[in-house]
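What follows is a short report on a single structure.
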Amino acid sequence: MTAETRSAPKADAAAARNQHGESYSALVWRRLKHSVTGMLGLALVCLLAIIVLFAEFLSPADPKATDVAFTPPQAIRFTDKDGNFAFTPRAYPVRETAELDPVTFQPVVGPDYDNPQYLGFFVKGAPYRLFGLIPAERHFFGAVDGSPVHLLGTDKFGRDVLSRALHGSRISLMIALIVVFVVTVVGTTVGMMSGYFGGRFDTWTQRFVELVLAFPQLPLYLALTSLIPVTAPTKVFLAFVIIVMSALGWAQMSREVRGKTLALARIDYVRAAMAIGATDRRILFQHILPNVMSHVIVAVTLAIPSVVLLESFLGFLGFAVKPPLISWGLMLQDTANYSVIGSYPWLLAPVGFVLVTVFAFNALGDGLRDAIDPY
C-alpha cells in the first residue's frame, strides 16, 4: 500500500468537514435551520408522522361508526344556548327535526341546544387498539361523555369526516412511501450502472428508459387498474396499484442519477480507485453512491407529493383504494358532482390534508436542496 493510498481516507475525512470542524451532515443541518420554509416543512412532516402513528388516539370518533348523514361541522363554542359566556368549551349535537327541506325533501337538521356536549382532552371514547396491539379507549380530544363529535361534519353514511381523514393519511402516505422507496432503489441503481459502465449497456438502457417515459401514464393507469376484477381482495388491488406506480415512476429518477454519475465517473478519486484494481461494485456503492445521495434525498422529498396527488386523483376515479380501506382519494369520491359540493362543502376536507402534505414535502425538499447545494 502506497503512502498516497494510506492518506486517502484521511483526506476524505478532512474534506467532509468545513473550516469550523463540522461534519457534512452538521453543515447541512445548520443551513437547513436558517431556512424558514425548510423548517416549516420539516415541522409539518413530523406532524404528519405523528398523525399516521397515532391516528386512533387523535380521532374524536370511530371512523366506521355511523350517525346522522351529512351533518354539518360542529363548532366549538364558549357560550350557552342563551349566548352567555361559559368557560367550559362545548359543541351542540346536530339532530334531525320534523321539518323537510323543500328541495330535497330530506329532514332538516339543526343544533340541539338543550343537550350540549362538553369537550375536553384525553377523554374516553370508542375503543381501539393502539398500533394494532394495545387496547385503549382514550382519545386526545372529544366529548367528556364519550359521544361522537363531528368537527368536520359527516358524510352520506353519517361517518365522521375528521376521523376518516386522519385514518386515511395512513393509506395515502403508505402508498407514497412504498412507491417512492421502490422508485428510488431501482432508479438509483439503474442510473448509476448506466452512467458508470457506459457503452452499449448505457445505450440500450437509455432506450428502454425513454420507452418507459414515453408511455402516457394516466391512460395506462386506468387501463391496467381496470384489469383487476371488482371482486378482487382489497389488498390485491392495492398491491397492483403500487406495482403499476413504481413500474412507471423509476425511469425519471434513473435519468437524473445517470447524469450525476457521468460527471462523477471522471473525477480523480474514482479513476484512482479503478487504477488500484477496485471492483466495480465497490466503486459504485462506496465512491459514487455517497456523492449522488444528496440529489436522491432531495428528489425523494419532491417525489412523495407527486405520488400523493396521483393516489388522490386515482382514488377519486375509483382506481386506487377500495373499501373498507380509507384514503383521501377514496373520500373525495363523495364530491363527484356539483350539487354535493354546493350543499355539503365540508366533504372537501380531505383536499386540505392533501394540500398540507404536498406543501410540507415540497417545502422540506426546497430547504434541503438549498442546504445541500447552496450554490
Side-chain angles (χ1 to χ4, degrees), residues 44-76 88-94 115-178 233-235 237-239 308 311-312 315 320-334 346-347 349-354 356-357 360:
L44 291 176
V45 169
C46 292
L47 178 61
L48 289 171
I50 293 174
I51 290 175
V52 169
L53 292 175
F54 301 99
E56 296 91 352
F57 172 68
L58 297 174
S59 301
D62 185 349
K64 298 180 181 179
T66 58
D67 203 345
V68 180
F70 294 122
T71 299
Q74 295 177 243
I76 300 176
T88 305
R90 64 195 66 192
Y92 295 99
V94 178
N115 299 290
Q117 295 174 292
Y118 296 100
L119 307 178
F121 293 99
F122 305 104
V123 299
K124 289 187 177 181
Y128 61 91
R129 287 187 174 272
L130 188 63
F131 308 125
L133 301 172
I134 306 173
E137 58 181 7
R138 291 285 177 179
H139 294 259
F140 177 68
F141 183 79
V144 176
D145 60 0
S147 59
V149 180
H150 308 299
L151 299 181
L152 291 180
T154 61
D155 61 8
K156 61 183 178 181
F157 296 114
R159 299 171 299 189
D160 185 59
V161 172
L162 176 58
S163 299
R164 289 179 62 79
L166 294 177
H167 281 76
S169 64
R170 287 181 169 175
I171 298 297
S172 297
L173 292 177
M174 181 199 71
I175 293 175
L177 293 177
I178 293 177
T234 303
K235 294 182 179 179
F237 197 93
L238 186 60
V308 170
E311 184 279 328
S312 300
V321 176
K322 299 291 185 182
L325 296 180
I326 307 171
S327 74
W328 294 331
L330 184 63
M331 292 178 64
L332 289 175
Q333 284 186 359
D334 295 336
W346 58 86
L347 296 180
V351 174
F353 285 86
V354 174
V356 170
T357 302

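Keep in mind it's a predicted model, so treat the numbers as computed, not measured. Only this structure's heavy atoms are used, side chains among them; waters, hydrogens and symmetry mates stay out.
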> What distance separates Ile178 CD1 from Leu238 CG, expressed to the nearest 0.5 Å?
Replying inline: 7.5 Å
> CG/Asp160 to NZ/Lys64 distance, rounded to the nearest 0.5 angstrom?
Replying inline: 14.5 Å
> Does Ala61 offer a backbone N or O that forms a donor-acceptor pair with the side chain of Ser163 under 3.5 Å?
Replying inline: yes
>> For Leu166, is there any backbone N or O sitting under 3.5 Å from a side-chain donor or acceptor partner on Ser169?
In response: yes
>> What I'd like to find out is whether the side chain of Pro60 reaches to under 4.5 Å of the side chain of Leu162, using heavy atoms alone.
In response: yes
>> With a 4.5 Å cut-off on side-chain heavy atoms, are Ile171 and Ile326 touching?
In response: no
> According to the salt bridge (charged side-chain N to carboxylate O under 4.0 Å, His left out) rule, which pairs have a member within residues 125-136, sequence neighbours left out?
Replying inline: none
>> Has Tyr128 got a side-chain atom pairing as donor or acceptor with Arg138's backbone, closer than 3.5 angstrom?
In response: yes
>> Testing the basics here: between Ser312 and Val354, what is the closest heavy-atom pair and its distance to 0.1 Å?
In response: OG-CG2, 3.6 Å
> Quick one: are Val308 and Leu173 in side-chain contact, heavy atoms under 4.5 Å?
Replying inline: yes
>> Donor-acceptor pair, distance only, cut-off 3.5 Å: does the side chain of Gln117 make one with the backbone of Pro148?
In response: yes
>> Please find the pair of heavy atoms, one from Ala360 and one from Leu48, that lie closest to each other, and give the distance.
In response: CB-CD1, 4.4 Å
> Which pair of heavy atoms, one from Trp346 and one from Gly153, lies closest together, and at what distance?
Replying inline: CD1-CA, 4.0 Å
> Taking all non-hydrogen atoms of both residues, which atom of Glu311 and which atom of Ser327 are closest, and how far apart?
Replying inline: OE2-OG, 3.0 Å
> Under a 4.5 Å cut-off applied to non-hydrogen side-chain atoms, are Ile51 and Leu58 in contact?
Replying inline: yes
> Taking all non-hydrogen atoms of both residues, which atom of His167 and which atom of Ala55 are closest, and how far apart?
Replying inline: CE1-O, 3.8 Å
> Considering residues at least two apart in sequence or located in another chain, which fulfil the side-chain hydrogen bond (donor to acceptor under 3.5 Å, both in side chains) criterion with Asp67?
Replying inline: His150
> Roughly how far apart are Leu119 CG and Leu151 CG, rounded to 0.5 Å?
Replying inline: 7.5 Å
>> The criterion is side-chain contact (heavy atoms from CB on, under 4.5 Å); which residues satisfy it with Thr66, sequence neighbours excluded?
In response: Arg159
> Taking the six-membered ring where the residue is Trp, are the ring centres of Phe122 and Phe141 under 6.0 Å apart?
Replying inline: no
>> Would you compute the distance between atom NZ of Lys124 and atom CG of Asp145 and round it to the nearest 0.5 angstrom?
In response: 13.0 Å
> Can you find a pair of side-chain heavy atoms, one from Val149 and one from His139, that are under 4.5 Å apart?
Replying inline: no
> Considering all heavy atoms of both residues, which atom of Arg170 and which atom of Leu53 are nearest to each other, and what is their separation?
Replying inline: NH2-O, 3.3 Å
>> I'd like to know if the side chain of Thr154 and the backbone of Phe70 have a donor-acceptor N/O pair within less than 3.5 Å.
In response: yes
